[in-house]
There are 2 protein chains.
Amino acid sequence: MLIRVDPGSGVAIYDQIAASVRAAAARGALRPGERLPAARELADALDINIHTVLRAYQDLRDEGLVDLRRGRGAVVTEAASRGAPILEAVRALVAEARNEGVGAQTLISLIREEYPA
Amino acid sequence: MLIRVDPGSGVAIYDQIAASVRAAAARGALRPGERLPAARELADALDINIHTVLRAYQDLRDEGLVDLRRGRGAVVTEAASRGAPILEAVRALVAEARNEGVGAQTLISLIREEYPA
DNA sequence: TCAGTTGTAATAGTGAAACTAGAACAATAG
DNA sequence: CTATTGTTCTAGTTTCACTATTACAACTGA
């Protein structure tokens, strides 16, 4: 399964689902035009409520990464593939951070502080 | 004040405090050996509860970024300054991401997925 | 030694948010 | 026309952030 979830990770389940999709699209495992699993189907597979899945899908729609249509499902947009070019840069940065002994929390905090500016 | 907080930002207050400290240490605004404001003092200044501040300080301690001692306060460690060397790389990555139309959520999702591996 | 400062811990209450549950409905596909 | 799939609504439970208060223990500095 492309999408996995860890209930006790501290991160909200709908956020983990959305993050899985963002990352999968960035690395090309999900391509524009492809469909995500139907919400009911994914909820069943992960043994969670359909509303939790829908919340994730709606967040992704708000970010412009998927189109949602009744009867059709959640379709990956072109925008979702834009992450691909920066994947290598991300991997390099993470490697450097780990090398310096910089934790994930610090790295994420730095990104959050730099992004809006 | 070095540490600011936005109650309606969606991010937990204790997380915003911890993030402020991580970032401040990375850019050298907080140096190893320096003391953070006393928990009661900061709680007063930000008009929040002392426990909320302590939660942030304890998270930072768990990450090894500060030492906590009664009577002495929260002292920044050497580890907290390790973020400095990667600051430029972070800025470059963020600039590239913005340029490609990649949102903050996607960037953070990618980092989270790449980090543990 | 002693008083003041500071983090630690325990208990408890409030409010918001995540998650679940079930049902009915509307748009699309085939 | 039927099955599929997202949308909406109501509602209940649970978890967690946050607040509040009190007492305590370790350390500092005079």
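Computation of the quantities below employed the complete heavy-atom set of this structure, encompassing side-chain atoms and omitting hydrogens, waters and symmetry-equivalent molecules. Order of the sequence lines fixes the chain letters, A, B, ..., with proteins taken first and strands second; residue numbering starts at 1 for each chain.
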Measure [atom1]/[X] against [atom2]/[N] and give the value in whole Å, please.
| X | N | atom1 | atom2 | result |
| --- | --- | --- | --- | --- |
| B/Ile48 | D/dT19 | CD1 | C1' | 11 Å |
| B/Asp62 | C/dG7 | CG | C1' | 14 Å |
| B/Glu41 | C/dG7 | CD | C1' | 14 Å |
| B/Asp6 | D/dC18 | CG | C1' | 16 Å |
| A/Ile17 | C/dC19 | CD1 | C1' | 11 Å |
| A/Asp67 | C/dT28 | CG | P | 12 Å |

**Q.** Where B/Leu107 and B/Val102 come nearest, the two heavy atoms and their spacing
**A.** N-CG1, 4.2 Å
Q.
On a heavy-atom basis, which atom in A/Pro32 and which in A/Glu78 lie closest, and how many Å separate them?
A. CB-OE2, 3.7 Å
**Q.** Reported CD1-to-CD1 distance for the pair A/Ile48 and A/Ile17, which is rounded to 0.5 angstrom
**A.** 4.0 Å
Q: Hey, could you give me the CZ/CG distance between B/Arg61 and B/Asp59, rounded to the nearest 0.5 Å?
A: 9.0 Å
Q) Could you write nucleotides 6-17 of chain D as a row of B, S and -, 5' to 3', where a protein heavy atom under 4.0 Å of any base atom gives B, of only sugar-phosphate atoms gives S, and otherwise -? A) BBBB-------S
Q) Bend across the helix from C/dT1-D/dA30 to C/dG30-D/dC1, to 10°, with axes taken over 5 pairs at each end? A) 50°
Q) Is it the case that more than 12 heavy atoms not belonging to B/Arg91 sit under 6.0 Å from its CZ atom? A) yes
Q) For A/Asp6, does the CG atom have more than 12 heavy-atom neighbours from other residues, nucleotides or ligands under 6.0 Å away? A) yes
Q: Examine C/dT20: is either OP1 or OP2 under 4.0 Å from a nitrogen or oxygen in the side chain of A/Thr52? Give yes or no.
A: yes
Q) Can you get from A/Leu87 to A/Tyr115 by hopping between Ile, Leu, Val, Met, Phe, Trp and Tyr side chains that sit under 4.5 Å apart? A) yes
(Q) Are the side chains of A/Leu42 and A/Tyr57 in contact, using a 4.5 Å heavy-atom criterion? (A) yes
